[in-house]
Visitor: 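Shown below is the structure under consideration.
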There are 2 protein chains.
Amino acid sequence: MGALTKIRKADTLAKAPVVKAPKAKAPLDLPLGKILSGDCIEAMRSLPDNSVDLVFADPPYNLQLGGDLNRPDGSQVDAVTDEWDRFDSFATYDKFTREWLVEAKRVLKPDGALWVIGSYHNIYRVGAILQDIGFWILNDIVWRKSNPMPNFRGTRFTNAHETLLWASTGEKARYHFNYTAMKTLNDELQMRSDWVLPICNGGERLKKDGHKVHPTQKPEALLYRVLLATTEKGDVVLDPFFGTGTTGAVAKRLGRNWIGCEREDGYRGAALERIESALPLDESALKTMQSRKSAPRVAFGSLVEAGFIAPGTQLFDKKRRFSATVRADGSLESGTEKGSIHGVGKNLQGAPSCNGWTYWHLEHEGDIKPLDALRQTYLLAIED
Amino acid sequence: MGALTKIRKADTLAKAPVVKAPKAKAPLDLPLGKILSGDCIEAMRSLPDNSVDLVFADPPYNLQLGGDLNRPDGSQVDAVTDEWDRFDSFATYDKFTREWLVEAKRVLKPDGALWVIGSYHNIYRVGAILQDIGFWILNDIVWRKSNPMPNFRGTRFTNAHETLLWASTGEKARYHFNYTAMKTLNDELQMRSDWVLPICNGGERLKKDGHKVHPTQKPEALLYRVLLATTEKGDVVLDPFFGTGTTGAVAKRLGRNWIGCEREDGYRGAALERIESALPLDESALKTMQSRKSAPRVAFGSLVEAGFIAPGTQLFDKKRRFSATVRADGSLESGTEKGSIHGVGKNLQGAPSCNGWTYWHLEHEGDIKPLDALRQTYLLAIED
DNA sequence: GAGGGAGTTGAATCTGACT
DNA sequence: GAGTCAGATTCAACTCCCT
């Protein structure tokens with residue numbers, strides 16, 4: 001019920017009288033609701049100056065992948081190897097980036113704004129270049145994926161997020177931010193710069209003959225939040241890398257106008273079909289918009305890291321049959337047993353399982369208390 | 001029982017002789033445990049090439065704060081507001097960034113690594129420049145603050161995170177990642193690229209006369225994770241923007257060597273005092289879960305040779321789809337397939353690769369167990 | 001129909017020791 | 001330095017099939 005309330009309220013806000021002076025109407029010759037074909041830089045050159053309210057761009061990431069990657073079970077990862085993601089060098093990628101960003105700045109109204117999404121492969125180049133051009137970064141937003149692909153080789157941290165940049169057309173430029181709508185969407189707390197959203201799969205993912213139509217389709221929830229936060233009803237949104245049209249579909253649902261650019265015929269066709277069937281906002285599957293808020297999972301290691309419990313501390317069970325020493329990485333050591341608080345408790349007892357949080361205790365000023373008490377203290381400390 | 005096996009093994013491995021060649025000792029003339037005064041670029045120039053294992057840098061963030069920035073000639077950058085000068089300011093910041101990054105790359109050992117922390121004001125410039133210099137980004141890490149400062153004016157999203165870049169010295173360069181320690185620290189799940197940690201306050205925050213000593217003191221938990229993940233005991237960690245010495249304090253606790261650079265006398269004094277009172281962890285608490293990768297290799301043939309498995313023994317996969325016979329030289333035979341435990345498993349399945357230790361099983365007193373269990377027994381037997 | 005188990009999949013810069 | 005090959009490595013969410 002919370003979700004429904006939230007969305008209704010956001011809807012109301014979108015319709016509320018706008019405080020600022022009414023905007024100039026979009027020129028009649030803008031190709032609203034059209035996907036321009038060909039190279040996006042050329043296509044954007046066909047648009048007049050100062051004509052769009054928002055640019056949302058999901059450019060190629062320049063992944064620079066090496067050989068094949070197999071999962072531990074032997075299956076192969078379906079990598080992004082499309083021709084459109086291949087660039088000779090950083091210099092080539094930078095030139096391309098600068099050109100489309102310059103066009104984006106030209107077509108944007110002075111009070112318009114830019115969004116770009118990327119990963120560590122490209123976002124630092126994009127960010128530096130847009131600053132060079134004169135865009136003014138308002139926030140960087142982290143999309144924390146609730147279900148990212150793991151790091152199958154155990155060589156790095158799981159790459160569990162992507163980054164969005166939100167920028168105005170200049171340091172002194174005005175821009176639009178629907179503060180109240182965002183606060184409402186976030187249970188009456190200010191919307192933060194980190195957004196937890198699932199990746200796009202399930203029924204939302206476009207498929208043809210069992211295969212995904214586009215390798216990098218973005219979730220509608222992401223665009224929903226972007227458009228709700230930084231556009232008004234009737235605004236014109238331009239997406240230079242339209243792909244399968246997530247931007248267009250969400251724009252239609254939210255009553256925004258859209259223009260797309262897309263080179264690939266296949267993507268254009270899929271996008272038009274998809275947007276055709278998108279329903280303007282009311283009852284359409286809004287529940288997918290909300291990220292589930294669940295109790296934050298706490299790793300025992302976090303408590304060690306945060307200094308709530310020192311490496312070297314002795315733990316024991318309630319009856320003091322066993323004891324164990326905390327190590328630097330949050331593992332326990334007890335005789336020859338080493339491992340997590342749960343695993344060591346389990347093995348020492350010869351039990352099928354063990355909840356280390358309630359099994360292990362520590363002595364504190366003469367008192368004996370379970371680890372779980374410490375976890376509660378930690379949760380209170382990190383609470384927002 | 002699986003867990004037990006694994007833990008026993010890790011224990012064994014931790015005690016086993018290290019396979020790789022021991023690292024070169026740090027040159028005797030390195031100023032370990034010292035804070036170099038003056039400009040960090042000059043200070044770094046006094047250090048020899050290829051001498052440190054890790055650089056952790058928390059450079060000045062704010063481009064507008066001229067006071068924090070000096071031109072290479074020592075003159076101070078004025079605070080600037082208009083557009084033309086802003087470009088000048090970016091250029092100056094870029095030059096400064098490039099200079100300290102070039103020095104960092106020079107002093108790093110080839111298998112060393114760099115960490116930089118920043119916000120959207122500077123991190124895109126830092127990221128692009130370090131890529132230009134040849135550093136290879138391994139991950140970007142988002143420090144998700146559990147208690148950020150709200151956006152008081154309601155004009156943007158709450159700026160609730162900072163970004164860290166982790167980079168090796170080049171695309172092909174080797175680097176160190178304590179995968180297993182990170183996984184242990186995160187309750188047996190891979191550590192992700194988004195880290196939820198509180199900001200530095202409470203007793204940890206250095207104060208003098210009721211005022212914070214340093215405006216941007218980083219939490220020790222952040223450095224704890226960085227150092228545990230990417231350094232070994234005894235490694236040399238250089239922090240060119242030492243501030244109040246969080247890096248030094250955590251390095252000392254974790255048994256790493258440190259070198260700092262810091263211009264401000266006040267910070268240097270506070271840092272030295274703080275590090276003096278930091279307590280190193282004792283030997284046993286410092287130990288962490290060892291990755292299997294550093295295990296001494298065992299040839300399957302050794303097990304046959306030592307009588308742990310008899311030639312003629314039948315092996316089969318878990319689903320009993322395939323079986324194979326052990327031959328006297330430690331090879332397997334299955335129909336026309338002959339070869340190593342890995343090769344035969346691979347070819348029978350038509351898989352790209354196969355770990356024979358976990359793929360092949362044998363029957364033992366009614367139980368079915370993988371070859372890997374036998375390997376553990378063997379490892380225990382040959383110990384000492 | 002509900003629930004369980006097996007199988008599949010997602011923007012991935014994904015090995016290293018030895019010959 | 002290139003080639004060879006042992007062998008280490010995955011999480012959440014969805015789909016499909018079977019009780």
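Computed from a predicted structure; not experimentally measured. Scope of the values below: all heavy atoms of this structure, side chains included, with no hydrogens, waters or symmetry mates. Just so it is clear: chains get the letters A, B, ... in the order the sequence lines come, proteins before strands, and each one is counted from 1.
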Visitor: Which is true for A/D85 with a 4.0 Å heavy-atom rule: it touches a base, it touches only sugar-phosphate, or it touches nothing?
Guide: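 The residue A/D85 makes base contact.
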Visitor: Name the nucleic acid region contacted by B/N139, choosing base, sugar-phosphate or nothing; use a 4.0 angstrom heavy-atom cut-off, strictly under.
Guide: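 B/N139: no heavy atom of the nucleic acid under 4.0 Å.
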Visitor: Does NZ or CZ of B/R192 fall inside the cone over A/F157's six-membered ring, less than 6.0 Å from its centre and within 45° of the axis?
Guide: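 So B/R192 doesn't make the cation-pi contact.
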Visitor: Using only heavy-atom distances, decide whether a donor-acceptor pair under 3.5 angstrom links the side-chain of A/K218 to the base of C/dA11.
Guide: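 Indeed, a donor on one side and an acceptor on the other fall under 3.5 Å apart.
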Visitor: Using distance alone, with no hydrogens and no angle criterion, decide if A/E162 and A/Y120 have a side-chain donor and acceptor under 3.5 Å apart.
Guide: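 There is no such pair (donor and acceptor under 3.5 Å, judged by atom type) between the side chains of A/E162 and A/Y120.
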Visitor: Check for me whether B/R144 meets the cation-pi criterion with B/W195, that is, NZ or CZ under 6.0 Å from the six-membered ring centre and within 45 degrees of the ring axis.
Guide: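 No cation-pi geometry.
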Visitor: Stacking between C/dC14 and A/F152, yes or no? Criterion: centroid separation under 5.5 angstrom, plane angle under 30 degrees.
Guide: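 No, A/F152 does not stack on the base of C/dC14, since the centre distance and plane angle fail the 5.5 Å and 30° test.
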Visitor: What is the distance, to the nearest angstrom, from the CG atom on B/N186 to the P atom on D/dT10?
Guide: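 In whole Å, D/dT10 P lies 13 Å from B/N186 CG.
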Visitor: Work out how far the P atom of D/dA8 is from that of C/dT13, and round it to whole angstrom.
Guide: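 Rounded to whole Å, the distance is 23 Å.
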Visitor: Can a donor-acceptor pair under 3.5 Å be found between the side-chain atoms of A/S146 and the base atoms of D/dA13?
Guide: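 No such pair is found, so the answer is no.
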Visitor: Which one, C/dT13, C/dA11, C/dG10, comes nearest to the side chain of A/K212?
Guide: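 Among the listed nucleotides, the one closest to the side chain of A/K212 is C/dG10.
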Visitor: With B/L138 as reference, evaluate B/F177, B/W115, B/W166 under the side chain to side chain contact (heavy atoms under 4.5 Å, CB included) test and give the passing residue.
Guide: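 Of all the options given, the one that passes is B/W166.
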Visitor: In whole angstrom, give me the gap between the C1' atoms of D/dC18 and C/dG1.
Guide: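 Going atom to atom, C1' in each nucleotide, I get 13 Å.
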Visitor: Between C/dT8 and D/dT10, how far apart are the two C1' atoms, rounded to whole Å?
Guide: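 Between the two C1' atoms, the distance is 13 Å.
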Visitor: Is A/N151 touching bases, backbone alone, or none of the nucleic acid, heavy atoms closer than 4.0 Å?
Guide: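 Result for A/N151 = base.
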Visitor: Starting at the 5' end of DNA chain C, write a dot or bracket for each base, bracketing those in Watson-Crick or G-U wobble pairs whose two distances are under 3.5 Å and using | for partners on another strand.
Guide: .|||||||||....|||||
